[in-house]
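Heads up, the thing below is written out as structure tokens.
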Amino acid sequence: MPSRVTEQPYKIPYYAALVQLLHEPPTDAEDAEGKPLLGRLVLEDFWKGFQTYLDKLEWRETRLCIQFFAHLTVAGIVSPDSMVSLLQAFTAVLDGFNVSHKRAKRAVLCAAEGLMISGANLKMYSSTNVIEIINSVQAFSETTNIPKWLVRPTSSLHTDAVTIENGDEMIDTILQTLQTLNDSDFAQVADSFPQPYLAFTKPDDLAPFNLPLVLVPPETDIELDDVATNTEEAAQIKKDEWPEYYLRLFDNEVSPNPNTPAGYAVRTALLDIISIFDVNRKECARLLLEYPKWNLPGAFKPKPGAPADVEPVPGKYWQLESTILEIILGSLLILPESSQRSIYYISLITELCKLSPSTVGPAVGKSIRKLYAALSEGLDVEAARRFAEWFSIHMSNFGFQVPDLALAVQHPKRTFMRRAVEFEIRLSYYDRILKTLPEAMQSPETLTIAEKAPGPYFEYDDPANPHHEAAQGVLNFFRGRAKAEDVIDHRETLRTTLETSEDRPVNVDMTANSIVIQSLLHIGSRSFSHLLNAIERYLPLLRKVAGSSNSLTATEAKAGVLTSVAVFWKNNPHMVGIVFDKLMQYQIVDPNDVVGWTFTNGAGVGLGSSSSLNAFEWGLVRGALDKANGRVLIARRKITALRKEEDDTRAMAKARANESMEVDADAKPEDDTAVDNPALTTTLKALDSLTSEQKSGLSRTIDGFVTCLTQNSYARTVITEQAWHNRANWDDDEWTAWETWGWYRQFCRAYSPYLREFSQTLYAVSFSKLETSTDPADELLKKIWNAATDST
């Protein structure tokens, strides 16, 4: 029974009606004598399942079970006093010491949704308890006001207001709904939640079921085990430690207002279906389109051509497909990270279109137009990136219309066009996408699509290049599958040749390295397998090239390697990120090298600007930070496994010793002194090194952002209210500065657990020089940092 409720939450009211019918006594008096009612047995068994969910802190399942108990309270099966105690057990979580936002938010959901459904009965029992529960939710909402502005789906740098016109925060929505219900004595519950059990008569002599008292267990760290090292405590990486803002796309006449009881009931029901059926998107799409039959009649408009069996309900009669699209896209665009991978939401929309193309297709079109319009109204840069990703995957056959080509090249709408076209070319091929564009967008002058198809650029392939012959010599070694040692020796010969040539380069080592790296990439450019084979075969060569020399430090040599990669793949930026990732994977370069190169060298190869950061550059930084953080996580897990193995070995040895002592009473117990574990010692040392690298990567990222946003004069002007309202006149410089601010916000909120872990050190290194500054840009930098790290 518990699994039915937690796997099919849209049927919860009907399962409650079934349990109510099972409480009717048998008609045969002999059968009824001395036997408990079947419904009572079902409830007792259901409670055991609920307790299991609670003990494991499976919050979604726990919340759905509470909804079930709430419906049974309305049906008269569960006693109101025990239901109040259950809800109070969850509001008590909010008073816990140092309770995390994630735990508090989930506890609020459990208590609030239970109160929404059963509030009328609970208020008749004790209005004081109902007010206390609502006040607890309000107090929690007020304590989370500070960071809310940092995760709004629309950004206005000049204000930290938490209320926006086209979106709502989940806890604020819950509070507004509870207050609306309480003001009407929960009279709107019957118009918001199905209550089929009210059609049946409860036996007069039925004693209500008293829910046992519960205590919500403390939160345990199941993601990372604490590791005793010289570094700070491990950060707990959790996706929902931030408030959740859902973007609204349509008016209240088209989709339900989530700040109303009926609207909240629809949203939470659809969100549960989307969350539960992530393993089967086809089934999820079917259930979403069938949802109206589980909701109250008249809530949604029937499909075109279908008979109208019921009269429209005033204030409802919404469009089902638009409602579903709004909720799916709202989930996709949650910041800093959605609860599911983006591809799940994208593929779910595709399945919906397959099931009902005539009704879902128009809703998709309206959603695209709404989001496209939001780009010029401050849609967050990360949300805009996900929008472009969805658009490129879903709309591969979309006939583009001539958009706003008169806007500045770096305007968010123009940036979206380029990004969407680039993504589409990755999924298809250049010539096909070019033909789908209007003629006005096909011109290279519009900067919408590249002049040529993505491909490698081997600058030494041109016979006019002074180093063409030298590059051909290196290529012949690679084509002949020469040993890495032979190529290393030839590289030294090449250096000598370059030093004595008439066209002697400024930096011989840098030029020789560039020839070698680009030649190797040229050999590996045919496919991914060719690339990996080339890297793996010539790892000693790559390590030699990335090392220090007479004229280059190791840092300069690694930056040169990255520059050579960026130049070779400058016509296909996607490959730049892929090759960078492989170089980090094989430890040719470190994540810190990639971060430093992105902020300082990206502009030199035409992939960005030295005073700003675009989406491509942010992708490189994010990949480097994720690589460094992932290595630390792997090391910590390895240490946990080694310590567990060591403890198990020691326990087994102690058990054998005890057995031997029972046989020989004169035997002395073995020394239980801990024996050094070489593997554990090595891994602990590696963790220290990896943690230092992780901290260094974060520090370099912060320094890069601080440099961009303090030395760029436009970064100071775009953050004022006057400038924002004048954004229609902004040029490329203003929009690139605004985008850089957006990526700084995304960095701080996405990596906030790591930033909190090293907050004091990072602040001292990167922000100490700004501590006394009253410059608006410096103040905003510190404000965003403090909000992300819970600093004052």
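Along the sequence shown, the residues carry numbers beginning at 1.
- Put simply, the side chain of F747 does not reach to within 4.5 Å of the side chain of L613, judged on heavy atoms.
- Evaluation of the side chain to side chain donor-acceptor pair (under 3.5 Å) test over residues 532-541, restricted to residues two or more places apart or in two chains, returns E536-Y586.
- A donor-acceptor contact shorter than 3.5 Å is absent between the side chain of S696 and the backbone of S692.
- Summarising the geometry of Q746 relative to P336, their closest heavy-atom pair is NE2-O, 3.3 Å, with the distance given to 0.1 Å.
- Remark: side-chain polar atoms of T789 are paired, donor with acceptor, to backbone N or O of W785 under 3.5 angstrom.
- A distance of 9.5 Å separates OG1 of T511 from CZ of R504, quoted to the nearest 0.5 Å.
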Going through the checks in order, is the salt bridge (Lys or Arg N to Asp or Glu O under 4.0 Å) test met by R495 and E492?
CA-CA 5 Å; R495 288 182 64 258; E492 295 302 319; 3.5 Å; yes
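- Atom CD1 of I517 and atom CG of L583 lie 7.5 Å apart (nearest 0.5 Å).
- Atom CZ of R426 is surrounded by more than 12 heavy atoms from other residues, nucleotides or ligands within 6.0 Å.
- The main-chain N or O of K685 is never found under 3.5 Å from a side-chain atom of S689 such that the two would form a donor-acceptor pair.
- The shortest heavy-atom contact between Q694 and A628 is CA-CB, 4.2 Å.
- Classified by interplanar angle (parallel below 30°, tilted 30° to 60°, perpendicular above 60°), the ring pair W741/Y744 is perpendicular.
- Looking at heavy atoms from C-beta onward, K638 lies in side-chain contact with L642 at the 4.5 angstrom threshold.
- For the residue pair F477 and H490, the shortest heavy atom distance occurs at CE1-ND1, 3.4 Å.
- Between atom CG of residue L498 and atom CG of residue N507 there is a gap of 10.5 Å, rounded to the nearest 0.5 Å.
- One N or O on the side chain of T350 and one on the backbone of I346 form a donor-acceptor pair closer than 3.5 Å.
- Rounded to the nearest 0.5 Å, atoms CD1 (I433) and CD (Q442) are 11.5 Å apart.
- Taking each heavy atom of S699 and V765 in turn, the nearest pair found is OG-CG1, 3.7 Å.
- The side-chain contact (heavy atoms from CB on, under 4.5 Å) search around T736 returns Q410, S612, not counting sequence neighbours.
- Side-chain contact between V718 and W730: present, with at least one pair of heavy atoms (C-beta onward) separated by less than 4.5 Å.
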I would like to know whether L531 and M575 meet side-chain contact (heavy atoms from CB on, under 4.5 Å); could you show each step before the answer?
CA-CA 11 Å; L531 173 65; M575 283 299 300; 4.3 Å; yes
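- D380 has a carboxylate O that lies under 4.0 Å from a charged side-chain N of R749, or vice versa, which qualifies the two as a salt bridge.
- Looking at heavy atoms from C-beta onward, L332 lies in side-chain contact with S342 at the 4.5 angstrom threshold.
- Between L552 and N513, the closest side-chain pair of non-hydrogen atoms falls below 4.5 Å.
- At a threshold of 4.5 Å between non-hydrogen side-chain atoms, the residues E241 and S752 do not count as touching.
- E382 and R385 are joined by a salt bridge, as a carboxylate oxygen and a charged side-chain nitrogen come within less than 4.0 angstrom of each other.
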Can I get a per-line list of side-chain donor-acceptor pairs under 3.5 Å for residues 455-463, giving both atom names and the distance, sequence neighbours left out?
from	atom 1	to	atom 2	distance (Å)
E459	OE2	Q518	NE2	2.6
Y460	OH	S514	OG	3.0
D462	OD1	A464	N	3.1

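- At a threshold of 4.0 Å, the pair E337-R622 does not count as salt-bridged, since none of the basic side-chain nitrogens sits closer than that to a carboxylate oxygen.
- Remark: Q585 pairs with D581, K582, K627 by the side-chain contact (heavy atoms from CB on, under 4.5 Å) rule, at least two apart or across chains.
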For the pair W597 and T563, evaluate side-chain hydrogen bond (donor to acceptor under 3.5 Å, both in side chains) and give the outcome as yes or no after the intermediate values.
CA-CA 8 Å; W597 180 91; T563 299; 2.8 Å; yes
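- Remark: aromatic rings of Y372 and F387 are distant, center separation not under 6.0 Å.
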Contacts table for residues 479-488: side-chain donor-acceptor under 3.5 angstrom, sequence neighbours left out:
none

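- In this structure a side-chain-to-backbone donor-acceptor pair under 3.5 Å is missing from R700 to F599.
- Here the closest heavy-atom approach between residue V594 and residue L620 is recorded as CG1-O, 3.9 Å.
- With rounding to the nearest 0.5 angstrom, the CD1 atom of I515 is 8.0 Å from the CG atom of N465.
- Remark: P454 pairs with I425, Y430, N572 by the side-chain contact (heavy atoms from CB on, under 4.5 Å) rule, at least two apart or across chains.
- We find that R386 and E389 are not joined by a salt bridge, their nearest charged nitrogen and carboxylate oxygen being 4.0 Å or further apart.
- Between the side chain of N712 and the backbone N or O of Y714, at least one donor-acceptor pair lies under 3.5 Å.
- In this structure, the side chain of E499 does not engage the main chain of T496 through any donor-acceptor pair within 3.5 Å.
- Between W735 and T415 there is no side-chain heavy-atom pair separated by less than 4.5 Å.
- With rounding to the nearest 0.5 Å, the separation of SG in C708 from CG in D703 is 11.0 Å.
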Could you go step by step and tell me if V545 and I588 meet the side-chain contact (heavy atoms from CB on, under 4.5 Å) rule?
CA-CA 9 Å; V545 170; I588 306 302; over 6 Å; no
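- The number of heavy atoms from other shown groups lying within 6.0 Å of NZ (K413) is above 12.
- In this model, a donor atom of one side chain and an acceptor atom of the other lie less than 3.5 Å apart for Y751 and D626.
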Evaluate the side-chain hydrogen bond (donor to acceptor under 3.5 Å, both in side chains) criterion for residues S529 and S527: first the C-alpha distance (whole Å), next the side-chain angles of each, then the deciding distance (0.1 Å), finally the verdict.
CA-CA 5 Å; S529 58; S527 67; 3.0 Å; yes
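- The minimum heavy-atom distance linking S519 with L475 is given by the pair O-CD2, 3.5 Å.
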Run E739 and W743 through side-chain hydrogen bond (donor to acceptor under 3.5 Å, both in side chains) and show every step you take.
CA-CA 6 Å; E739 183 180 7; W743 293 125; 3.2 Å; yes
I would like to know whether S338 and L333 meet side-chain contact (heavy atoms from CB on, under 4.5 Å); could you show each step before the answer?
CA-CA 7 Å; S338 56; L333 301 180; over 6 Å; no
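- Side-chain contact between L329 and W390: present, with at least one pair of heavy atoms (C-beta onward) separated by less than 4.5 Å.
- Within the 3.5 Å criterion, the main-chain N or O of T497 finds a donor-acceptor partner in the side chain of T500.
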Show the numbers, then the answer: is there a side-chain contact (heavy atoms from CB on, under 4.5 Å) between D593 and M584?
CA-CA 9 Å; D593 300 316; M584 288 188 289; over 6 Å; no
